[in-house]
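To start, the structure under review is shown below, and the notes come after it.
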Protein chains: 2
Amino acid sequence: MSERDATTYPTDPIDLETRLTQDHHQSLKLWLRMLSTTVMIENEIRNRLRSEFDTTLPRFDLMAQLERHPDGLRMGELSKRMMVTGGNITGITDQLEQEGLVMRVTDKQDRRAYSVKLTPAGRKAFKTMASVHEAWIAELFSGLDAEQKSQMISLLSSVKSDLSAGNKQNEKE
Amino acid sequence: MSERDATTYPTDPIDLETRLTQDHHQSLKLWLRMLSTTVMIENEIRNRLRSEFDTTLPRFDLMAQLERHPDGLRMGELSKRMMVTGGNITGITDQLEQEGLVMRVTDKQDRRAYSVKLTPAGRKAFKTMASVHEAWIAELFSGLDAEQKSQMISLLSSVKSDLSAGNKQNEKE
DNA sequence: TATTGTTATACTCTATAACTATA
DNA sequence: TATAGTTATAGAGTATAACAATA
């Protein structure tokens with residue numbers, strides 16, 4: 001070690017291990033913070049949806065999906081988009097249909113299938129909820145300015161694309 | 001409108017409204033991305049914990065809390081930290097105690113209360129799980145480099161501090 | 001009286017698997 | 001046979017409220 005100068009070897013095994021451990025801790029810290037932040041916001045939104053509109057997050061989500069697809073979505077598509085299995089979609093759709101907020105329209109090409117659509121009443125009810133909901137979200141994220149928000153959106157995209165690549169679950173769109 | 005040049009008035013109400021709407025949409029986009037990313041990771045971790053260690057996220061969390069507090073935590077403290085109500089803590093603690101992973105130590109000052117601690121077996125089991133868990137997390141976040149991770153950690157802190165300020169729920173620490 | 005923790009209960013959300021009816 | 005959706009069921013995970021023991 002006599003002639004060695006201050007420069008560390010690039011492949012020094014101890015450094016590599018140290019860096020790996022640091023990375024692991026940093027990832028864990030990031031995950032714990034992300035999880036707890038998300039849970040706090042989710043609980044807040046869930047409570048507000050219940051007390052203000054007597055609805056739940058999955059019901060709101062399903063209506064949001066239909067709002068984005070005015071031609072309607074089939075049960076199977078809703079299942080994929082909401083990341084839950086088919087049986088659950090049937091249950092939520094049943095509720096919303098009974099309340100007159102969505103309707104099942106039989107597909108003429110395939111008589112096994114339905115298109116689920118918002119009814120006019122459902123669209124109206126959703127619009128009201130959605131604008132209040134959007135204001136809540138803006139309020140809860142008011143700690144970030146526009147620049148920081150777009151930073152975070154792109155960082156999250158990197159995480160997510162990595163995830164779906166690993167899982168090979170991104171079949172379409 | 002004849003004499004008006006290309007410069008918009010700084011206080012133009014339309015611009016203000018436009019900016020507000022844009023901010024709302026951006027916040028909503030951020031939230032939807034954050035939520036779906038978190039759900040995907042959470043599901044992945046939940047499945048792996050079940051198949052590799054036959055345990056659940058709340059059980060893992062409770063043990064993680066105790067690992068960080070070797071002197072033990074009271075039921076009420078666990079409840080606050082895990083953001084769930086007391087009855088649930090009793091249930092999870094019962095399970096883990098039966099399996100010999102945690103123990104209830106009666107408090108000598110206050111005989112209503114317990115300190116819950118990891119048993120030696122529990123500590124050993126947790127260490128094994130925790131290191132594998134940490135590697136999973138590092139893997140799932142490998143789409144970000146160290147710089148991006150610390151950026152995201154600080155962005156999340158801003159969101160979270162804003163949240164707890166609004167809710168006045170940050171009583172200690 | 002107030003607090004610590006437990007019990008009992010119910011509800012939401014979820015997955016799985018067997019099923020019906022079409023394709 | 002395969003697919004779209006339904007039904008039935010079970011199991012997490014959660015909150016609420018009444019309760020016992022102790023402060």
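To find a chain, count down the sequence lines: A is the first, B the second, and so on, and within it residues start at 1. Both backbone and side-chain heavy atoms feed into the values below; hydrogens, waters and symmetry mates do not.
Within the 4.0 Å cut-off from OP1 or OP2 of dA23(D), at least one side-chain nitrogen or oxygen of Arg111(B) is found. Within the structure, a side-chain polar atom (N or O) of Thr56(A) is placed less than 4.0 Å from OP1 or OP2 of dC13(C).
With dT16(C), dT14(C), dG5(D) as the choices, the nucleotide that has an atom nearest any side-chain atom of Arg74(A) turns out to be dG5(D). Candidate nucleotides dG5(D), dT14(C), dG13(D) were compared by shortest atom distance to the side chain of Arg46(B), and dG13(D) ranks first. Of the candidate nucleotides dA4(D), dT4(C), dT16(D), dT4(C) has the atom lying nearest to any side-chain atom of Asp110(B). For Met75(A), the listed nucleotide lying nearest its side chain is dT6(D); candidates were dA4(D), dG5(C), dT6(D).
Here Gln95(B) lies out of heavy-atom contact (under 4.0 Å) with every strand. Within the nucleic acid shown, Asn88(A) comes within 4.0 Å of at least one base atom, counting heavy atoms only. Among the atoms of the strands shown, base atoms are found under 4.0 Å from some heavy atom of Gly87(B).
The separation between Lys80(B) atom NZ and dT3(C) atom C1' is 12 Å, rounded to whole Å. The distance between atom CG of Leu49(B) and atom C1' of dG11(D), rounded to the nearest whole Å, is 17 Å. Atom CD1 of Ile92(A) and atom C1' of dT14(C) are 10 Å apart (whole Å). Atom-to-atom, CE of Met83(B) to P of dA15(D) comes out at 10 Å; the value is rounded to the nearest Å. Regarding Arg50(A), its CZ atom lies at a distance of 7 Å from the P atom of dT16(D), rounded to whole Å. What separates CG of Asp94(B) from P of dG5(C) is a distance of 13 Å, to the nearest Å. The nearest whole Å value for the distance from the CG atom in Asn47(A) to the P atom in dT14(D) is 14 Å. Taking atom CD on Glu77(B) and atom P on dT3(C), their separation rounds to 16 Å, with Å as the unit.
Cluster annotation: Leu35(B) is connected to Leu62(A) through the hydrophobic network of ILVMFWY side chains, with a link wherever side-chain heavy atoms come within less than 4.5 Å.
Of the charged side-chain nitrogens involved, at least one lies within less than 4.0 Å of a carboxylate oxygen, so that Glu139(A) and Arg48(A) count as a salt-bridged pair. Under a 4.0 Å N-O distance rule, the pair Lys117(A)/Asp71(A) does not qualify as a salt bridge. Glu134(B) has no carboxylate O lying under 4.0 Å from a charged side-chain N of Lys29(A), or vice versa, which leaves the two without a salt bridge.
Counting only N and O atoms by type, the side chains of Arg46(A) and Thr56(A) include no donor and acceptor under 3.5 Å apart.
Position along DNA chain D of the nearest nucleotide to Arg104(A) versus Arg112(A) favours Arg112(A) as the more 5'-ward residue. When the nearest nucleotides of DNA chain C are assigned to Lys108(A) and Val84(A) by heavy-atom distance, the more 5′-ward of the two goes with Val84(A).
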